[in-house]
Chemist: 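One structure is given below, represented as structure tokens, and several questions about it will come after.
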Amino acid sequence: MITCLFVVVGIGGLIQAAVAALSTAGEVARFQAVAGEALMDAGRRLTEAIEHTVAPSIAWTRRIAQDPCVVAALQSRDRTRVVAACNAAVLGTTSIDAIALFDSQGTILGLNSVYADGSPIAPERLDRVLARDFRDRPIITRCLRNESRAEVLEFQTRCDITPALFDSSGLSVAHSVPAFDANGRQVGVVSARLRFERIAAVGKECTLADGLGKAEFVSDSGRLFDELVNSGAVAPRLSPGHLGAIVASLAVGGVLHSVVQLDDAYIGLQRMNQLRTLDGGGIQVMVTIPAAWVADRAHRDRLAEAAGTLVFSLLALALAILSITHRRLRTARAVAESASLTKSEFLANMSHEIRTPMSAILGYAELLAAEPQPARAERAEFVDTIRRNGEHLLELVNDVLDISKVEAGKLTVEKRATRIDVVVRDVVSLMSVKARSKNLTLEAEIVSPIPARVASDPVRVRQILVNLIGNAIKFTELGKVTVEVRGVRGDPATVVFDVRDTGIGMTREQCQRLFAPFTQADTSTTRRFGGTGLGLHISRRLATMMGGDISVTSTPGVGSCFTATVAVDVIGDAWLPPAPLAGMPTGSVREGEAAPVESMPLAGARILLAEDGPDNVRLISHVLRKAGAEVLAVGNGALAVQALTKDGTLEGELREPLPCDLLLTDIQMPVMDGYTAVALLRRKGARLPIIALTAHAMAGDRERCIAAGCTGYASKPIHRRHLIASCVEVLSQAREAAPENEALV
């Protein structure tokens with residue numbers, strides 16, 4: 001910044017006049033510097049914000065162009081498949097507003113018929129777009145030229161797809177990507193659109209010159225776009241000729257920005273690298289800031305310069321702080337490198353943990369296939385081995401899902417009436433199989449009174465105990481594992497679990513890193529015991545969320561004791577006295593198992609199954625038919641809808657009565673996914689119960705299925721008892737809710 005400041009004590013008129021002239025020149029230079037800095041900063045921040053807004057649209061369009069369902073739809077030229085693919089690309093996303101598919105000649109095949117929230121688009125709006133000829137549009141022809149893989153990103157300044165579908169300004173951002181089949185042949189173009197109002201909103205969120213600045217878009221030709229970034233309309237401060245000359249200097253000179261002063265305002269232009277106009281020209285952000293604001297800011301800068309002496313006096317302190325910060329940064333870097341190494345070791349362990357049970361599953365499956373009629377005991381052993389290793393794989397997946405919830409802060413606990421003694425007996429009964437396989441004794445007892453009934457989360461308590469007892473059994477070769485339970489009165493009361501073993505034990509250093517994620521006591525490649533290093537970290541987070549903690553004491557060669565505490569709300573006044581727990585009847589069904597069902601609970605039920613996996617179709621159909629149901633299976637959501645309409649089309653009316661009592665639908669399917677199919681059926685007025693079958697098991701998946709219109713939710717892998725119980729439950733609820741003899745349509 002150029003500054004001149006003179007303090008003059010009168011020596012003569014001529015000298016005073018000269019000093020005044022120099023001071024005026026200095027003020028002008030100061031104003032120009034302040035204005036230039038403010039304009040460039042505003043333009044730079046706006047440009048970065050706009051590019052950040054457009055970036056997800058670019059990434060999403062590229063992903064759509066590589067989707068096998070989209071490529072197949074383009075190859076088929078079937079408008080129904082094209083529309084279904086477009087709807088699947090738009091539904092639920094915030095990255096784009098509209099999508100259209102063009103064939104290899106540039107003819108439009110179709111576009112989305114629903115908005116992102118699933119609501120339908122008016123047919124007349126769709127017809128208005130489909131009636132247009134886009135083959136002369138550069139954004140399409142450039143993607144088709146010589147089977148080029150070049151993408152095109154531009155501003156749309158004429159009426160196009162996005163303005164036709166929305167009440168928009170007529171401006172939009174268009175991004176087109178060529179689509180290729182598996183052999184590298186171009187089959188068409190995927191063109192996504194983003195409403196200009198989304199870009200305009202970015203400017204409203206950016207404060208320019210304390211809210212006094214305004215921003216507009218200008219093309220290389222000097223044309224001022226109609227839409228303003230900031231709220232409120234302003235008259236152009238520059239004539240088209242003057243504005244065009246400034247813009248031309250940017251385009252020709254290759255500079256990134258320009259600043260001019262006009263009467264009571266300063267005007268700055270800055271180029272945007274991401275976007276181009278239809279004619280191939282560039283786009284500038286033009287920011288206007290009042291001169292009064294610039295003068296006020298320059299005055300404040302001058303006052304700040306007066307405090308320069310203080311700044312220099314603090315320089316030594318700043319250097320000292322910088323030195324300390326540098327040392328801390330080096331420490332942080334060392335910590336980060338250690339974390340990276342830890343995660344690398346975790347990935348190596350995870351690969352080992354997955355491949356080991358997979359080898360057993362594939363190997364024993366091959367033995368079953370090679371032995372047409374194995375002995376009954378041998379066959380049972382093969383099947384039991386496959387099931388046991390499959391359950392181990394599922395535990396690994398659940399651990400990874402739980403750690404992702406922990407890191408995202410979405411791991412939750414709840415409170416409901418619970419009997420701690422029942423939970424402990426269930427876990428001991430479950431883990432006793434593993435203990436017996438290693439000739440270990442597993443015992444559990446109440447060593448001091450505990451509340452008979454408490455408000456807690458039995459699922460999470462069970463998860464903690466399964467992990468602690470499972471680890472104790474894993475690391476113990478001889479002796480026993482003991483679970484001691486004791487209560488501590490207070491507000492709130494506390495239940496303490498001591499899990500003791502006579503295993504290999506640990507050193508103090510191993511205990512200190514035991515609860516870190518992705519970490520194990522033994523990380524060497526020769527380690528004797530498996531595991532991912534996630535269970536203890538998850539268990540400790542759960543205990544902390546329930547008002548407690550987990551600690552460990554251990555002696556190498558002697559054994560370890562893990563102590564878990566959870567805070568509970570006592571229900572009633574009854575407390576259970578000290579007593580053994582192992583071997584006592586549980587009187588409950590274990591968590592993760594459904595209650596026994598009658599032999600033919602689905603007798604007479606008509607079930608429509610939408611599932612694209614042949615193996616899953618055979619398995620689920622077999623389970624349902626064994627329970628007494630009649631099953632009709634289809635391969636995707638579109639076929640499911642067509643099976644329920646009078647004319648067998650997606651647009652047709654529903655059959656009356658419906659040919660099924662229940663729809664089981666997978667969520668992720670080709671042509672039309674489960675979300676789209678369910679939403680379409682609900683819009684047609686279908687009231688039959690629908691259960692979503694999905695391999696998605698993350699937090700929020702169940703809520704998303706219910707919000708889409710599903711009655712129930714079941715995650716894969718399918719548990720036979722759970723699936724049958726879910727079907728019985730929703731069918732019973734549907735019969736109770738529907739008037740007598742009225743079809744569920």
Chemist: Heavy-atom count around R63 CZ within 6.0 Å, excluding the residue itself: above 12?
Modeler: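 Incorrect, the count does not exceed 12.
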
Chemist: The criterion is salt bridge (Lys or Arg N to Asp or Glu O under 4.0 Å); which residues satisfy it with E653, sequence neighbours excluded?
Modeler: K646

Chemist: Looking at side-chain heavy atoms only, is the closest gap between N471 and F562 below 4.5 Å?
Modeler: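 Contact flag for N471/F562 side chains = no.
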
Chemist: By side chain to side chain contact (heavy atoms under 4.5 Å, CB included), which residues pair with A543, not counting sequence neighbours?
Modeler: I464, I550

Chemist: Between W60 and A192, is there a donor-acceptor pair closer than 3.5 Å when you use the side chain of the first and the backbone of the second?
Modeler: no

Chemist: If I take atom OG from residue S539 and atom CG from residue N467, how far apart are they, to the nearest 0.5 angstrom?
Modeler: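 Going from OG on S539 over to CG on N467, the span is 3.5 Å.
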
Chemist: Give me each pair satisfying salt bridge (charged side-chain N to carboxylate O under 4.0 Å, His left out) with a member in residues 70-96, each pair once, sequence neighbours excluded.
Modeler: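 Checked against salt bridge (charged side-chain N to carboxylate O under 4.0 Å, His left out) - neighbours excluded - the pairs reaching residues 70-96 are R77-D103.
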
Chemist: Would you mind listing every side-chain hydrogen bond (donor to acceptor under 3.5 Å, both in side chains) that reaches into residues 83-93, with sequence neighbours excluded?
Modeler: N87-S113

Chemist: Does D181 have any salt bridge (Lys or Arg N to Asp or Glu O under 4.0 Å) partners at least two apart in sequence or in another chain, and if so, which?
Modeler: R185

Chemist: Can you list everything that forms a salt bridge (Lys or Arg N to Asp or Glu O under 4.0 Å) with R125? Sequence neighbours excluded, please.
Modeler: D167

Chemist: Taking D666 for the side chain and M669 for the main chain, is one N or O donor matched with an acceptor at less than 3.5 Å?
Modeler: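 No.
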
Chemist: Using a strict threshold of under 4.0 Å (side-chain N to carboxylate O), is an ion pair present between D569 and K415?
Modeler: yes

Chemist: Using the side-chain hydrogen bond (donor to acceptor under 3.5 Å, both in side chains) criterion, which residues pair with R419? Sequence neighbours excluded.
Modeler: D421

Chemist: Mind checking the OG1-CD spacing from T80 to Q642? Nearest 0.5 Å is all I need.
Modeler: 7.5 Å

Chemist: Considering residues at least two apart in sequence or located in another chain, which fulfil the side-chain hydrogen bond (donor to acceptor under 3.5 Å, both in side chains) criterion with D117?
Modeler: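 D117 satisfies side-chain hydrogen bond (donor to acceptor under 3.5 Å, both in side chains) with S119 once adjacent residues are dropped.
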
Chemist: Please list all pairs passing the side-chain hydrogen bond (donor to acceptor under 3.5 Å, both in side chains) test where one or both residues lie in residues 601-613, with sequence neighbours left out.
Modeler: R606-D661, E611-K716

Chemist: Please name all residues satisfying side-chain hydrogen bond (donor to acceptor under 3.5 Å, both in side chains) with T441, sequence neighbours left out, ordered by chain then number.
Modeler: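 With sequence neighbours excluded, T441 shows a side-chain hydrogen bond (donor to acceptor under 3.5 Å, both in side chains) to no residue whatsoever.
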
Chemist: Please, which pairs that meet salt bridge (charged side-chain N to carboxylate O under 4.0 Å, His left out) have at least one residue in residues 87-100, sequence neighbours excluded?
Modeler: D97-R195, D97-R198

Chemist: Taking only distance into account, with no hydrogens and no angle test, what donor-acceptor pairs under 3.5 Å do side-chain atoms of residues 623-636 form with protein atoms, sequence neighbours excluded?
Modeler:
unit_1, atom_1, unit_2, atom_2, d
R625, NH2, V631, O, 3.1
N636, OD1, A638, N, 3.0
N636, OD1, L639, N, 2.9

